[in-house]
*Asks:* 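Please find one structure pasted underneath; my questions will follow.
Protein chains get the first letters and strands the later ones, always in sequence-line order, with residue 1 at the start of each.
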Amino acid sequence: MYITTTIPYVNARPHLGHALELVQADVLARHHRRRGEPVRFQTGTDDNSLKNVLAAEAAGVGVRELVDRNAAAFEGLRGALDLSFDSFIRTSTHPGHRAGVERIWRATAHDLYTRHYEGLYCVGCEQFYPEGPCPDGHEAPLQQVSETNWFFRLSRYQDELLDLIRSGRLRVEPAARRNEVLAFVAAGLDDISVSRSAARARGWGIPVPGDPAQVVYVWWDALANYVTALDDAGYERWWVREPRKVHLVGKGVIRFHAVYWPAMLLSAGLPLPTAIFVHDYLTAGGRKISKSSGNAADPAALVHAYGVDAVRWWLLREVPRVGDADFTDARLVARADEDLANGLGNLVSRVAVMVCRFLDGHVPPAGEPLAEVSREVHEALEDVDFRRAARAVWQLVEGANAYVERTRPWQQDTAGREKSLGTLVGACRELAVQLEPFLPGAAARVAAAVGGDRLSRPEPLFPRLSRP
RNA sequence: GGGGCGGUAGCUCAGCCGGUCAGAGCAUCGGACUCAUAAUCCGUGGGUCGUGGGUUCAAGUCCCACCCGCCCUACCA
């Protein structure tokens, strides 16, 4: 499976919303790797956005400097969040990116034409509007622009796109999002502008082949990363031969991924992605998270404060498949204490201690499995429902804790203790296996605590985050 | 303006094609237990399922209108 995240533009540092998408992609990648499937997990940054130029000007630093600094912060999420991406592309520095964008441009030449355009342009949106003000409320005033741009014949692909999505050859999940896209396409597609004046872009971006006065529209540039990130062999393997190509995207950019991108590929005669998984947004304390609104919900800071397991667990266990989710520190702490400390951590602790206390640390033979959850986890992930998958894993924790109460090893003779503790150690080991895609660090610690023939009393795996 | 999503116990939410669908978790309260990170297990209370109509033998579950929140899209029929 080829799994991608969107590549955020790096006008600021990453926020929790980026972390959500990365962690979701990471779970899919780890899950499918665990199943023995070939996986390539791709992410990166969009360095070529005009917004980066503006952010640099506002901050009084060079574009290169700002872009490098912020891109490094995004790439640094790998360590902070235990991400397992195979490659990280930066559109301004990746060796093959520019050439790849140019190649796709040329391959679609039969659908490109120039048109004079006059209108109001919002640099914040990188879009034209018939009237002001900018609907997104960007600070910068709309600019009166009169120029000639390149246009792409998107209108030509309307029927093909409808057929693609309706037939499921291009899967869009959740269904509500698929319907949204279908409604948009069915309403009629206009050709889109796919270049910008190089002068207004301050020379930042990729020049249009054969027209250096124009730079390639940043979305065209950015979308291409899904194939330009791959070298020739990689392209063949992951974009031509791979049967499952999945884009994870936020709800705000569905149109680009489910309409523009497939149309570009159709025009260029290239293979298409097979699925687009759309997540909704996070709010923080009831307020919209935006990169410009300060450093609220900084994932690296949250990891520093609460640990990677708590942060990943909140993102996976608490965020619904449909609908925005509100993040607060209190919710993260409550969820971590309830599930990780009181549930999983305490379970491992009581099991290990009983083995030490009653069986002198010797691990008895494994008993019957307590619950079978791998299938439910898999089905939930196929359905792109991370919360349901995480909940399924937790059935093991609850089942094991209930089993302890039911069998009461402390009241049994040695044979009884061996039987129930054998079952419990087995359950903890299974838990470590099932947990790996979600909380790789925690899974490893659980595995270490209950691995081997002899156990010792473990330190608390997950100390409570709140004061008792 | 058009389209979409959400509005279900104090909180976070499940409820697919209409008929045990009025639920789960947390919180509250009561009980049990003592292996464990003052953790765990069992049970209880609590809701006119946004509002008002309609269809139906039967509607959170379908239709219409409206209110609130959010998203996408467009401001020319």
*Asks:* Which pairs pass ring pair (Phe, Tyr, Trp, His ring centres under 6.0 Å) with one or both residues in residues 314-343 of chain A, sequence neighbours excluded?
*Replies:* A:W314-A:F327
*Asks:* Can you check nucleotides 5-15 of chain B for protein contacts, nitrogen or oxygen pairs under 3.5 Å, and list what you find?
*Replies:*
| from | atom 1 | to | atom 2 | distance (Å) |
| --- | --- | --- | --- | --- |
| B:rC13 | O3' | A:R387 | NH2 | 3.2 |

*Asks:* According to side-chain hydrogen bond (donor to acceptor under 3.5 Å, both in side chains), who are the partners of A:R387, at least two apart in sequence or on a separate chain?
*Replies:* none
*Asks:* Between atom CZ in A:F256 and atom P in B:rC72, what is the gap in whole Å?
*Replies:*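 Distance check: A:F256 CZ to B:rC72 P gives 10 Å.
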*Asks:* Can you list the residues that meet the side-chain hydrogen bond (donor to acceptor under 3.5 Å, both in side chains) rule with A:H247, with sequence neighbours excluded?
*Replies:*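 Only A:T4, A:W261 meet the side-chain hydrogen bond (donor to acceptor under 3.5 Å, both in side chains) criterion with A:H247.
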*Asks:* For B:rA38 and B:rC71, measure between their C1' atoms and round to the nearest Å.
*Replies:* 45 Å
*Asks:* Figure out the CG/C1' separation between A:L182 and B:rC72, and round it to whole Å.
*Replies:*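 Rounding to the nearest Å, CG of A:L182 and C1' of B:rC72 are 14 Å apart.
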*Asks:* Could you name each residue pair satisfying salt bridge (Lys or Arg N to Asp or Glu O under 4.0 Å) that touches residues 403-418 of chain A, not counting sequence neighbours?
*Replies:*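 Listed once each, the pairs are A:R350-A:E405.
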*Asks:* Can you list everything that forms a side-chain hydrogen bond (donor to acceptor under 3.5 Å, both in side chains) with A:R156? Sequence neighbours excluded, please.
*Replies:*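 Testing A:R156 for side-chain hydrogen bond (donor to acceptor under 3.5 Å, both in side chains), a comparison that skips the adjacent residues, returns A:D111.
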*Asks:* Between P on B:rC70 and NZ on A:K251, what's the gap in Å once rounded to a whole number?
*Replies:*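 Atom-to-atom, A:K251 to B:rC70, this comes out as 11 Å.
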*Asks:* Could you tell me how far B:rG6 sits from B:rC76 if I compare only their P atoms? Round to whole Å.
*Replies:* 28 Å
*Asks:* How would you summarise protein contacts on nucleotides 32-37 of chain B per nucleotide, using B for base, S for sugar-phosphate only and - for none, with heavy-atom distances below 4.0 Å?
*Replies:* -SSBBB
*Asks:* Can you give each donor-acceptor pair under 3.5 Å made by side-chain atoms of residues 453-462 of chain A, sequence neighbours left out, with the distance rounded to 0.1 Å?
*Replies:*
| from | atom 1 | to | atom 2 | distance (Å) |
| --- | --- | --- | --- | --- |
| A:R454 | NH2 | A:D360 | O | 2.7 |

*Asks:* Using atom C1' of each nucleotide, how far apart are B:rU37 and B:rG50 to the nearest Å?
*Replies:* 43 Å
*Asks:* For A:R317 and B:rC26, give me the distance from atom CZ to atom P, rounded to whole Å.
*Replies:* 10 Å
*Asks:* Please state the C1' separation for the pair B:rC29 and B:rA9 - nearest whole angstrom.
*Replies:* 16 Å
*Asks:* Enter syn or anti for the glycosidic conformation of B:rG60, syn applying to angles within 90° of 0.
*Replies:* syn
*Asks:* Would the A:W150 and A:W220 ring centres measure less than 6.0 Å apart?
*Replies:* no
*Asks:* Under the side-chain hydrogen bond (donor to acceptor under 3.5 Å, both in side chains) rule, collect the residues that match up with A:T283, sequence neighbours excluded.
*Replies:*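 So A:T283 forms a side-chain hydrogen bond (donor to acceptor under 3.5 Å, both in side chains) with A:D326.
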*Asks:* Measure from the side-chain N and O atoms of A:T6 to the backbone N and O of A:P8, and report whether any donor-acceptor pair falls under 3.5 Å.
*Replies:*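 Pair absent, no side-chain N/O of A:T6 close to backbone of A:P8.
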*Asks:* What interatomic distance, in whole Å, is found between P of B:rU34 and the corresponding atom of B:rA22?
*Replies:* 39 Å
*Asks:* Looking at A:R115, I'd like to know if its CZ atom is crowded, meaning that more than 12 non-hydrogen atoms belonging to other residues, nucleotides or ligands lie closer than 6.0 Å.
*Replies:* yes
*Asks:* Can you tell me how far C1' in B:rG30 sits from the matching atom in B:rG46, rounded to whole Å?
*Replies:* 15 Å
*Asks:* What is the separation between atom CD1 on A:I254 and atom C1' on B:rG4, rounded to the nearest whole Å?
*Replies:*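 Going from CD1 in A:I254 over to C1' in B:rG4 covers 10 Å.
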*Asks:* Can you tell me how far P in B:rC64 sits from the matching atom in B:rG18, rounded to whole Å?
*Replies:* 15 Å
*Asks:* Does any pair with a residue in residues 308-325 of chain A pass salt bridge (Lys or Arg N to Asp or Glu O under 4.0 Å), and if so which ones, sequence neighbours excluded?
*Replies:* A:D26-A:R312, A:E173-A:R321, A:K251-A:D324, A:D309-A:R445, A:R317-A:D339, A:E318-A:R335, A:R321-A:D383
*Asks:* Measuring only the C1' atom in each nucleotide, how far is B:rG52 from B:rG60? A whole number of Å is fine.
*Replies:* 16 Å
*Asks:* Just the rounded figure in Å: distance from P of B:rC71 to CZ of A:F184.
*Replies:*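 Rounded to whole Å, this separation is 18 Å.
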*Asks:* Can you check the A:Q395 CD to B:rA24 P distance for me, whole Å?
*Replies:*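 Value for this atom pair: 15 Å.
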*Asks:* Looking at residues at least two apart in the chain, or sitting in another chain, which of them share a side chain to side chain contact (heavy atoms under 4.5 Å, CB included) with A:F184?
*Replies:* A:L189, A:R255, A:V259
*Asks:* Starting at the 5' end of RNA chain B, write a dot or bracket for each base, bracketing those in Watson-Crick or G-U wobble pairs whose two distances are under 3.5 Å and using | for partners on another strand.
*Replies:* (((((((..((((.........))))..((((.......))))......(((((.......))))))))))))....
